[in-house]
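Here the structure comes first, spelled out in structure tokens, and everything after it is commentary.
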Protein chains: 4
Amino acid sequence: MTQETTQAAGRPRNAEASDALKREALRLVREQGYGVSIAAIIKAAGVSRQTLYNRWSTKAELLLDALFELADMQVAIPDLSQPGPRRAVLTTYMREVFHHVRKDADLLRIFISQAQSDPAFRAVLYDRFVEPRDLIVVDVLRDAQARGEIAQDRDPALISAMIHGAFWYRLLLDLPLDDDFAAALVEDAFRGAA
Amino acid sequence: MTQETTQAAGRPRNAEASDALKREALRLVREQGYGVSIAAIIKAAGVSRQTLYNRWSTKAELLLDALFELADMQVAIPDLSQPGPRRAVLTTYMREVFHHVRKDADLLRIFISQAQSDPAFRAVLYDRFVEPRDLIVVDVLRDAQARGEIAQDRDPALISAMIHGAFWYRLLLDLPLDDDFAAALVEDAFRGAA
Amino acid sequence: MTQETTQAAGRPRNAEASDALKREALRLVREQGYGVSIAAIIKAAGVSRQTLYNRWSTKAELLLDALFELADMQVAIPDLSQPGPRRAVLTTYMREVFHHVRKDADLLRIFISQAQSDPAFRAVLYDRFVEPRDLIVVDVLRDAQARGEIAQDRDPALISAMIHGAFWYRLLLDLPLDDDFAAALVEDAFRGAA
Amino acid sequence: MTQETTQAAGRPRNAEASDALKREALRLVREQGYGVSIAAIIKAAGVSRQTLYNRWSTKAELLLDALFELADMQVAIPDLSQPGPRRAVLTTYMREVFHHVRKDADLLRIFISQAQSDPAFRAVLYDRFVEPRDLIVVDVLRDAQARGEIAQDRDPALISAMIHGAFWYRLLLDLPLDDDFAAALVEDAFRGAA
DNA sequence: AAGTAATCGAGACGGTACGTCTCGTCTTTAG
DNA sequence: CTAAAGACGAGACGTACCGTCTCGATTACTT
């Protein structure tokens, strides 16, 4: 017997309105920057002003939803059940992350920026973007440690912070995030290993 | 005959107006964030709107001037002519940096944030804040390398990026920047050394 | 065989909904003026928005129904079959009218006000409020003329307009509508009579 | 020595902006009714939204200024130093009043309407429109009384209220305000006189 | 008993207007 | 020429209503 979500009273929300808002918001911000007016977004989405405010209370929250739902931000989680050196696994993973981030570097910068003046936004960004990526890298590093690829006395969380930090540092300074940089980061993180 | 700056025609600029603007701008941004209106700043400074625009063309430029002139952001440059392990020198330096940053963490976050939507601002921030600090750390790391404290094949610039990146990462995520973290960063950067 | 309204198909209308709407609409307009939102009315009546629109197409129509059904606006028609001076009859009648109007002066002002921007509303207000009262006064004045209490060459319709006009004038200017004013009006209308 | 208004500090208000606002507001309300949006008025006047709000806080106040300044509402005050019957003087005056009112009957209706929900507006309307006209008629009636054209025991203020009331009554009911009605009103007011 | 149809509460929808806010420029008098 | 003051055009903001529409549920009459 399938569990079914109870239908709330009243006219149900139009899912297409939400989709159109996310789609157009993302498009307009990519084209014109974060400064696009809400009026422009709702006009492009063919939706009323209140409909937007029924769903999100700020432009930032709408964009956050849009980014993670529509933008191709999802990166395959490394499969640690496979054999082979974790150094290569992490290099591949970081290159893929960099690849996706390069596509929406402006948007990400805007989000990190926005998070600075909006604690709620920062929390969401942390939960949905920062922490998942941090945990993946920490997992790979722990596995590498268990396999003897990294010294036992090092702290995987610290290494992950340095890797992601360097990534943020270059992102926020608008410096290139290329494959070589990804590889160099991982090389240095695994240095001194067997 | 003494060389004298040529006196421009008309009423001379009031230096106190500039000082008041910088002082009040910094204070208000610390209290209320970057979003304070220009009207609030000129009102606090007791200055007319045009007077501000006569001197700076944006709020960001005013604040940059204010930051480097009024905020206590200067850290002593490590003296590499002295003997002793560079690991300790770097640890001391990073602790001092963290100490100063903690005092104005909000302000710094606001500046990094603002730099994301303002390339000119980012360039100035890079030239006057990021790069000088990066060069100091790179210099210390190079010296440590010359002294055999760090392996020859490592890239000081990359290590500096990881250290500063981890620092930014925690700053922007509002995670603590304490002495232990400063020490741990340097420890890991020097790990595996003789 | 009793005549019976044909029962329409479907669920019958809930009479209590209409009553609640009229009652609450009148109450809220008395308290807050004509500007009360429809949302406030339906909320107070515990009724859905569509239910109101099923019965009335504007707030004004709802209120007109409410006014004549619920507000105590009915005044006894003078009995001209009785002997005695018509001057006294009219004085009594006008005093009674003033008495009722004083109770709902705000409401009446609101209705006259609303009628100015709504011709349909004005027509209904005229048919159901203005004209009946005008006819009563004209009838009394004609009877007085027949009895020689008023000169034959005067126009009862004009006198009625002057009496009711003076009444409106004071009502709309928020000047007092007391018994003395009612008496003075009738005195002047009858002045110079035998 | 001519008294001169002290020039306030700052950029002076642009008188043309005020004029354009009054002119266009009056024109649009005459064309489309009181419901015209503020946006339409400022657009027609070529003026910013704030400029309107710098001068008036509501559409009604703007229109009140506009009406008495731009609309041809001024009626010549009867010259009581001239000889001749006051009955004729008052008839001429009332005909002229009716003539002017007919041109802006809609606007006047709107103002009386607006005054019902806005005590401040009502006060201004009373001071600038109602009372001056009332005083003129009372003056003429008193003079007529002194000349024996009207009985001594009648109350000029009451007669004025009946005349103006009948005028309002017909105005608000959208009944014709023609010359005959003006004459009939005055005739009845002077009835029974020598 | 099943089907049909209008009603009900709830609330989302597109749309319009509102009054406030901020921006950077402009226009005045005074120094 | 600069200062203080403040008006200006421009336009975004979030809120409030409007009258319509869309649900599931309810309540009668008609088969």
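Worth saying up front: this structure is predicted, and the values here are computed from it rather than measured.
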What integer distance in Å separates [X]:[atom1] from [N]:[atom2]?
X       : N      : atom1 : atom2 : value
A:Glu16 : E:dG14 : CD    : P     : 10 Å
A:Tyr53 : E:dG15 : OH    : P     : 17 Å
D:Ile42 : E:dT20 : CD1   : C1'   : 13 Å
D:Tyr34 : E:dA17 : OH    : P     : 15 Å
C:Leu62 : F:dC18 : CG    : P     : 12 Å
A:Leu52 : F:dA12 : CG    : C1'   : 14 Å
A:Lys43 : F:dG11 : NZ    : P     : 13 Å

Quick check for you: among [options], whose closest atom lies nearest to any side-chain atom of [X]?
X       : options               : result
B:Asn14 : F:dC8, F:dA3, E:dC8   : F:dA3
A:Lys59 : F:dC13, E:dT22, F:dA3 : F:dC13
D:Ala9  : F:dA5, F:dC18, E:dT20 : F:dA5

- request: Return the 5'-most residue of the pair B:Ala39, C:Thr51 with respect to DNA chain E, ranking by each residue's nearest nucleotide.
  value: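 By nearest-heavy-atom nucleotide position, the 5'-most residue is C:Thr51.
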- prompt: Given that D:Ala40 and B:Val36 both sit by DNA chain E, which one's nearest nucleotide is further toward the 5' end?
  reply: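 The 5'-side residue here is D:Ala40.
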- prompt: Are B:Asn14 and B:Thr51 side-chain neighbours, meaning at least one heavy-atom pair lies under 4.5 Å?
  reply: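 B:Asn14 vs B:Thr51: side chains apart.
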- request: Flag the pair C:Asp174 / D:Arg122 as yes when at least one side-chain heavy-atom distance between them is below 4.5 Å, and no otherwise.
  value: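 C:Asp174 vs D:Arg122: side chains touch.
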task: Determine, for A:Glu16 against A:Arg23, whether the closest basic-nitrogen to carboxylate-oxygen distance falls under 4.0 angstrom.
output: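 A salt bridge is present here (some side-chain N lies under 4.0 Å from a carboxylate O).
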message: Check this for me: does any side-chain nitrogen of one of A:Asp65 and A:Arg128 sit under 4.0 Å from a carboxylate oxygen of the other?
response: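 So A:Asp65 pairs with A:Arg128 through a salt bridge.
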query: Can you tell me if the side-chain N/O atoms of D:Asn54 get under 4.0 Å from OP1 or OP2 in F:dC8?
result: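 So the side-chain polar atoms of D:Asn54 do come within 4.0 Å of the phosphate oxygens OP1 or OP2 of F:dC8, strictly under.
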- prompt: Do any side-chain nitrogens or oxygens of A:Arg13 fall under 4.0 Å of OP1 or OP2 in F:dC21?
  reply: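 Answer no for this pair, as no side-chain N or O of A:Arg13 is under 4.0 Å from OP1 or OP2.
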message: For B:Tyr34, is there any backbone N or O sitting under 3.5 Å from a side-chain donor or acceptor partner on B:Lys59?
response: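 Such a contact is found between B:Lys59 side chain and B:Tyr34 backbone.
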Sugar-phosphate only, base, or nothing, as touched by C:Ile38 at under 4.0 Å among non-hydrogen atoms: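 The answer is sugar-phosphate, as C:Ile38 gets under 4.0 Å only of primed atoms, P, OP1 or OP2.
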message: Pick the closest DNA chain F nucleotide for C:Thr58 and for B:Arg55 by heavy atoms, then say which residue is nearer the 5' end.
response: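 Its nucleotide being nearer the 5' end, the pick is B:Arg55.
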Test for a donor-acceptor pair under 3.5 Å between the base of [N] and the side chain of [X], counting only N and O atoms.
X       : N      : result
B:Arg49 : E:dG24 : yes
A:Arg11 : E:dC13 : no
A:Gln50 : E:dC13 : no

